Every structure is written in C-alpha cells, then in structure tokens.
**Student:** 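Structure below; questions to follow.
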Amino acid sequence: MIKITVLTLFPEMFVPLHESILKRAQEAGLMEINLVNFRDYAASKHKNVDDVPYGGGAGMLLKPEPIFAAIRDLPQTCNQRRLILMSPQGQVFHQEKAEQWSAHKELVFICGHYEGFDERVRELADEEVSLGDYVLTGGELAAMVMIDALARLIPGVLGEEVSAEEDSHSIGGLLEYPQYTRPAEFEGQKVPEVLLSGHHAQIKRWRRKESLRRTFLRRPDLISEITFGAEDYPILEELILEHEEIASWRGKWQHLCPPPKRQRRSSKKTI
C-alpha cells in the first residue's frame, strides 16, 4: 500500500480523489489518501498562513511556520517518506516521474497558494514538481492530476495490469495506438480489418505501426527519446512512404537496416 498525504488550505477541493477507480483502490487497501489543512497549525489568533514579502512586492507569501508544524506532526516513518512541493519552478511532471513515485511507500504533496512560499519552505521538500509551464491559482489541481497518474500504476488499482503498460507515454515513450469496440461499422466508418482477423502477430505489428505514426505526426518532440528495435525497421520504412516528413528522422534507425542477402554460387561446372 502507498500512503499519500496532501498539505492544502482547501481540502474540500479533493473530492474527485474519493470517487471511481481511486475510491475503489482506497477501499481495497491499495492506497491511503489523507488531507491535512495546514491552516490548523497557524499560531495566530486569526489563523493567518500568509504575510507580505520582505522587500515589497505584489501579493502574499505563505508563512513557513504552519507548513513546518504540519510536516513535523505527521506520524514518523522509517525514512521512506518523500516530500513533493507543487511549484511552477519545479521539474515538469511526466509519466516516468509517476512510475518512480508509484514505487514509494509514502508521499507528501505540499500545495501552495497566493504568490508562493517563503523560501525556507523549499528546504522541506525532496523535490519540486510542476504540472507544466504555466501558473495555476494553487497546487491543488496539479497534485490531484499527479496522484491520479501514479495511482493507476499501483498493482491492482486497474482491472488489468496491461492497461497501464499500454497507455500513451508508457509504450516505450510512444503515444497509444487507435482502439475500437463494437459495432464493427458505425456511420460508414469501419474497424480496421486486421483487428477483426484474430491474427495476434499482425495485430501487434499494426498497433506498433500506428503508435509510431501517431507519435511522429502528433508529438515529434518525443521521438528523440525513443529507442528503435530491428523489428521496427520495415515498419518505419513503410511510414516514410506514407508520410514524407518522417524521412527527416531516418538517421535514428538507418543502422538497423539488414545487410543485403548474399546470392549463392551455382554448384554446376561449365565444360
């Protein structure tokens, strides 16, 4: 089981984490999600958690005392806890990060608000992570997205483990191939014949090709991180014939080109 604690000023925002798949995962004892309102740890009469920045400037900063007190009040663990600060200055979140976190026993997410944190709060965190290169009103939405992403990687959370393995960004960094269900034809659009064939090797090849096609055409920025195998060579050469723009990447798999077949010499002797 993985234990997740979220420090936030707005615990009521986290209702989605107690619905659907995540709700069932918690009921099954696969994960535990706790919400801590660090306003409860404010020492002032009016429970103030923010103050004006030294040196002037717009907005208010979160004070260090309530957050430090909330962290110190968490149950002690055997050095298995990882503290994650939601911050637009942090490393951008990606699937690999979700996979890393899903292997931990305990995670603590610290959600900011207002103009940011007192700099000393950063000393608490093991890492700072951002949802993307934009600024939100607080870290709550980002934390929910990250928790959802890592939760579905925990064994048993999804109905079939292969579901997470074949998601976009999990198939060797590729986007997921197209998927279809019944009916086989809808408003004139048919399911590809190969998927109806029952031929598993051909289906596997088709899916690989479509994953490659989608990644090249929709997210070419991901291609530089992909490692191609020898079995990809003929598929990639087919894709070049179908999409000329893919040819600019040919250098990444040209070394996989199989050597030309040597012709056998005739054993007949001439007289």
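Owing to the predicted nature of the structure, the values given are computational and were not obtained by experimental measurement.
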**Student:** Which atom pair, heavy atoms only, marks the closest approach of Asn37 to Pro11?
**Tutor:** ND2-CD, 3.9 Å
**Student:** Do the non-hydrogen side-chain atoms of Glu65 and Ile67 ever get within less than 4.5 Å of each other?
**Tutor:** no
**Student:** Just how far is it from atom CD1 of Ile2 to atom CE of Met31, taken to the nearest 0.5 Å?
**Tutor:** 6.5 Å
**Student:** Check whether any side-chain heavy atom of Val108 lies under 4.5 Å from a side-chain heavy atom of Ile84, and answer yes or no.
**Tutor:** no
**Student:** Looking at every non-hydrogen atom in both residues, tell me the closest pair between Val121 and Pro64 and how far apart they are.
**Tutor:** CG2-CA, 3.9 Å
**Student:** State the CZ-CD1 distance between Arg213 and Ile235, to the nearest 0.5 angstrom.
**Tutor:** 10.5 Å
**Student:** Is it true that, when you exclude Glu225 itself, more than 12 heavy atoms of the residues, nucleotides or ligands shown sit nearer than 6.0 Å to its CD?
**Tutor:** no
**Student:** Mind checking salt bridge (charged side-chain N to carboxylate O under 4.0 Å, His left out) for Arg120 and listing every partner two or more places apart, or none if nothing turns up?
**Tutor:** Asp118
**Student:** Is there a side-chain contact between Leu212 and Arg208 in this structure, where contact means two heavy atoms from C-beta onward sitting under 4.5 Å apart?
**Tutor:** yes
**Student:** I'd like a table of donor-acceptor pairs (distance under 3.5 Å, sequence neighbours excluded) in which one partner is a side-chain atom from residues 123-136, with atom names and distances.
**Tutor:**
unit_1, atom_1, unit_2, atom_2, d
Asp126, OD2, Leu83, N, 2.7
Glu127, OE1, Lys97, NZ, 2.8
Glu127, OE2, Arg82, NE, 2.7
Glu127, OE2, Trp101, NE1, 2.9
Glu128, OE1, Ser87, OG, 3.1
Glu128, OE1, Arg122, NH1, 2.5
Glu128, OE2, Arg122, NH1, 3.1
Ser130, OG, Gly132, N, 3.2
Ser130, OG, Gly132, O, 2.7

**Student:** Can you list the residues that meet the side chain to side chain contact (heavy atoms under 4.5 Å, CB included) rule with Glu245, with sequence neighbours excluded?
**Tutor:** Leu217, His243
**Student:** Where do Lys204 and Glu231 land on the salt bridge (Lys or Arg N to Asp or Glu O under 4.0 Å) test, with the steps shown first?
**Tutor:** CA-CA 12 Å; Lys204 182 179 179 181; Glu231 68 280 1; over 6 Å; no
**Student:** Can you find a pair of side-chain heavy atoms, one from Lys3 and one from Arg81, that are under 4.5 Å apart?
**Tutor:** no
**Student:** Nearest heavy-atom pair of Leu236 and Phe216: which atoms, and what distance?
**Tutor:** CD2-CE1, 3.6 Å
**Student:** For Gln91 and His94, work out which heavy atoms get closest and say how close.
**Tutor:** NE2-NE2, 3.4 Å
**Student:** Rounded to the nearest 0.5 Å, how far apart are CD1 of Ile4 and CG of Leu17?
**Tutor:** 8.0 Å
**Student:** Evaluate the criterion salt bridge (Lys or Arg N to Asp or Glu O under 4.0 Å) for residue pair Arg205 and Glu238; output intermediate values, then yes/no.
**Tutor:** CA-CA 12 Å; Arg205 187 182 191 278; Glu238 289 175 16; 2.7 Å; yes
**Student:** Sub-3.5 Å donor-acceptor pair from the side chain of Ser44 to the main-chain atoms of Asn48, do we have one?
**Tutor:** yes
**Student:** Enumerate the residue pairs fulfilling ring-ring contact (aromatic ring centres under 6.0 Å, His included) with a member in residues 2-21, sequence neighbours excluded, ordered by first and then second residue.
**Tutor:** Phe10-His113
**Student:** Hey, what do you get for CG (Leu150) to CD (Gln100), rounding to the nearest 0.5 Å?
**Tutor:** 11.5 Å
**Student:** When you compare the side chain of Leu141 with that of Met13, does any pair of heavy atoms fall below 4.5 Å?
**Tutor:** yes
**Student:** Please examine the side chains of Val6 and Ile110, heavy atoms only from C-beta on, and report whether any two atoms are closer than 4.5 Å.
**Tutor:** no
**Student:** Could you go through Leu7 and Thr5, starting from their C-alpha distance and side-chain angles, then the distance that decides it, and tell me whether this counts as side chain to side chain contact (heavy atoms under 4.5 Å, CB included)?
**Tutor:** CA-CA 7 Å; Leu7 269 63; Thr5 301; 4.0 Å; yes
**Student:** Is Ile21 reachable from Met144 through a run of hydrophobic residues whose side-chain heavy atoms are each under 4.5 Å from the next?
**Tutor:** yes
**Student:** Which pair of heavy atoms, one from Leu22 and one from Ala151, lies closest together, and at what distance?
**Tutor:** CD2-CB, 3.3 Å
**Student:** Going by the rule ring-ring contact (aromatic ring centres under 6.0 Å, His included), which residues pair with Phe117 if we only count those two or more places apart in sequence or in a different chain?
**Tutor:** none
**Student:** Within the 4.5 Å heavy-atom criterion, are Trp249 and Ile226 side-chain neighbours or not?
**Tutor:** no
**Student:** Measure the spacing between CG of Leu241 and CD of Glu244 and express it to the nearest 0.5 Å.
**Tutor:** 9.5 Å
**Student:** Once salt bridge (charged side-chain N to carboxylate O under 4.0 Å, His left out) is applied, do any residues pair with Arg250, and if so which ones, sequence neighbours excluded?
**Tutor:** Glu237
**Student:** Could I get the full list of salt bridge (charged side-chain N to carboxylate O under 4.0 Å, His left out) partners for Asp50, not counting sequence neighbours?
**Tutor:** none
**Student:** Through direct or indirect side-chain contacts below 4.5 angstrom among Ile, Leu, Val, Met, Phe, Trp and Tyr, which residues connect to Met1?
**Tutor:** none
**Student:** Which heavy-atom pair separates Val157 from Ala25 by the least distance, and what is that distance?
**Tutor:** CG2-CB, 3.9 Å
**Student:** Using a 3.5 Å distance criterion without hydrogens, assess whether the side chain of Asp148 forms a donor-acceptor pair with backbone atoms of Val145.
**Tutor:** no
**Student:** Can you confirm whether Glu12 is buried at CD, in the sense that more than 12 heavy atoms of other residues, nucleotides or ligands lie under 6.0 Å from that atom?
**Tutor:** yes
**Student:** Run the salt bridge (charged side-chain N to carboxylate O under 4.0 Å, His left out) test against Glu32 and tell me which residues pass, sequence neighbours left out.
**Tutor:** none
**Student:** Quick check for you: to the nearest 0.5 Å, what is the distance between Leu107 atom CG and Met146 atom CE?
**Tutor:** 11.5 Å
**Student:** Starting from Val191, walk the hydrophobic network (Ile, Leu, Val, Met, Phe, Trp, Tyr; side-chain heavy atoms closer than 4.5 Å) and list everyone else you reach, by chain and number.
**Tutor:** Tyr180, Val194, Leu195, Leu196, Ile203, Trp206
**Student:** With Ala42, which residues qualify under side chain to side chain contact (heavy atoms under 4.5 Å, CB included), at least two apart?
**Tutor:** Lys47, Val49, Pro66
**Student:** Counting only heavy atoms from other residues, nucleotides and ligands, does the tally under 6.0 Å from CD of Glu185 exceed 12?
**Tutor:** yes
**Student:** Starting from Phe186, walk the hydrophobic network (Ile, Leu, Val, Met, Phe, Trp, Tyr; side-chain heavy atoms closer than 4.5 Å) and list everyone else you reach, by chain and number.
**Tutor:** none
**Student:** If you define the side chain from C-beta out and look only at heavy atoms, does anything of Tyr114 sit under 4.5 Å from Leu9?
**Tutor:** yes
